[in-house]
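Here's the structure we're looking at; comments come further down.
Only heavy atoms go into these numbers, but all of them, side chains included; no hydrogens, no water, no symmetry mates. For ligands, and for the atoms within them, numbers begin at 1 and follow the listed sequence.
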Amino acid sequence: MHRLLRTVLLGLASLAGLVAHATPLINAAGRQALALNGRWHVIVDPYDNGYVNYRLQRFDASAKPNGGYFLDRKPATPAELIEYDFDTSASLNVPGDWNSQDDKLLYYESTVWYRRLFDFTPRSADARQFIHFGGANYEADVYLNGAKLGRHVGGFTPFEFEVTGKLRSAGNSLVVRVNNARRPEAVPTVNTDWWNYGGLTRDVMLLETPATCIRDFVLRLQPGAGRRVRGFVQLDGSAQPVKVEIPELKISVEAAADARGRANFEFELKGAQLWSPEQPRLYAVTLSSGADRLTEKVGFRTIETRGSDILLNGKPIFLRGISLHEENPLRGGRATTPADARQLLGWAQELGCNYVRLAHYPHNEHMARVADEMGILLWAEVPVYWTIHWDNPETYANAENQLTELVTRDRNRASIIIWSMANETPISPARTVFLKKLVAHTRALDPTRLISAAMERHSPPDDPRTSIVEDELAEVTDLVSFNQYIGWYVGMPDDCAQAKWIINYNKPVIISEFGADALQGFHGDRRARFTEEFQADLYRQTLAMLEKIPQLRGMTPWILCDFRSPRRHLPNIQDGWNRKGLIGENGTRKLAFAVLQEYYARKAAEYA
Ligand code: GCB
């Protein structure tokens, strides 16, 4: 669709209350007035009976709906026919996926209706309220007291609706239709190597602000500009002065907001300690404007490349990483809490990591906040995975929107140094146009971070030992990152010894994936697939092979923990799990864990 037309349509849709608020309030948890987490009543509705009538007309498309589960009704008399009842239906935990909470829902891919009742007393007569969702996979239709608030598409980013003037003091009914059906034109498309966890998988909160509030802000060091911080605070409401304070540094600056409510800031960060994995120093930053006040913990650091080096605060760094899915193998299902984030990132630190790849979609907001505190650098990505519909403008708009929502949510996190556009996408002219457009969009949103994508290698048909990395996309990314599976999908680990690499880019090379399946506790010959010995040998040989790439500046082997995948069928070995984890589903480290740990200890010493 033409860009302007799309903007106009989105504008109209938003006036009609059909889409979520353009930019959710920054730091939602810092404004929470009421947690809407906990038990929600649910109705499992595979035929969308509560959404469309028997002529497939949507109930919520009518101004006066005569049906639809979002009305959350009860029969007024025994004679009235109503064929659903939230009060006596089952319940599920929020945040949480439905698949891991009920065996019957393990493979379920359709609609579940969620309902939560709550009472609420506003702080003051002119206060504003917003209902904020950390994420819902994949699409969500949201209703308050029987009326539609709007809809959100995309399984991993936040959205919210303003509900000022729409709340009752008692008995508010919040109903959400969540549908996780896979669709070819969606992002991701129908085929992925991870579980399609559905549901209200992230925190749900009622937020409250004064009439004019701080909607968004960005404060960051400019690479190459010494200790200069540049940024803005975006107000929602009337234009009024804005103050930024960092008490520990005795910084206090004020700026006027322009007619759009934007106040620009630029100041010197005198005497500050920069954020790094060794010293993850965060400063309390207070933003205030009129009656609104918000405090955030922010780290300041720079990230840039120079030739094949990555410079963190001007100093060369090697990214000792590991890939991670947003899944807690011990409990099963999506990782949802700060404690989950601490456990996963804690295991990564035990491995010697200073860096983690958050694969293959935006992880919950806790992950980057905990990484900020723990001192772990992050690669964050969107689910532009494998064979997206490159020619479909709706697919592009969807991908761009998910990226925008991710970048806007997390661009004050010092831990995030890389935005990644895509994973293992097949090279074609349409794909490259699509991804270059995403790169340009992301650079405009955030010119201070590195841009990458997990690309691929290939071998000339007559020379299987040679690996070439050649992709037009690499001309516009800051890093040359690629996945490679020599020894697992391509040949055997012994082939690593003869491998040759042709990578004609003077940019840092980051290996975004390599690995092998191993069932924890299954032992045997190093040439026997699925044994821990095979995996450990593959790690040893791969690390020696990668050391021959002169531009090598980091890696994120695949993957920290075993994770569920509906593509993995081998009985007694996989049983629905991808076994490439260095840690098994019970938390036990496999042999390869120590191999990588030892390599990272050496690398840390080399770059100390
Ligand atoms: C890949 C994908 C990742 C898969 C992995 C595998 O290249 O990027 O999502 O899980 O390989 O195990 O095959």
Contact partition for F563 relative to ligand 1, non-hydrogen atoms under 4.0 Å: side chain
Shortest heavy-atom approach to atom 9 (O) of ligand 1 - which of Y385, F514, W194: Y385
Which segment of T192 sits under 4.0 Å of ligand 1 when only heavy atoms are counted: neither
I559, portion touching ligand 1 at heavy-atom distance under 4.0 Å: neither
Numbered atoms and elements of ligand 1 in range of H360, under 4.0 angstrom, heavy atoms: 3 (C), 8 (O), 9 (O)
Contact (N/O only, under 3.5 Å) between D193 and ligand 1: yes
Basic-acidic side-chain contact under 4.0 Å: R202, E365: no
Per-atom contacts of ligand 1 with N423, taking only distances under 4.0 Å to non-hydrogen atoms: 2 (C), 8 (O)
Numbered atoms and elements of ligand 1 in range of N483, under 4.0 angstrom, heavy atoms: 7 (O), 8 (O)
For atom 12 (O) of ligand 1, the protein heavy atom that lies nearest, with its residue and separation: K580 NZ, 2.6 Å
Geometric class of the F318/Y607 ring pair [parallel <30°, tilted 30-60°, perpendicular >60°]: tilted
Nearest-neighbour protein heavy atom for atom 13 (O) of ligand 1, which is reported as residue plus atom name and distance: Y489 OH, 2.5 Å
Pairing of R526 and D494 as salt bridge, 4.0 angstrom limit: yes
Top protein contact for atom 7 (O) of ligand 1, by heavy-atom distance: E424 OE2, 2.3 Å
Short N-O contact, R177 and E139, less than 4.0 angstrom: yes
Shortest non-hydrogen contact from H325 toward Y361: ND1-OH, 2.8 Å
Salt-bridge present (R331, D340; N to O < 4.0 Å): yes
Sub-4.0 Å heavy-atom approach of R568 to ligand 1: yes
Salt bridge flag under 4.0 Å for residues R564 and E327: no
salt_bridge(D410, R413) N-O dist < 4.0 Å: no
Atom 2 (C) of ligand 1: the protein heavy-atom neighbour that sits closest, reported with distance to 0.1 Å: E513 OE1, 3.3 Å
Cationic N near anionic O, under 4.0 Å, D309 to R553: yes
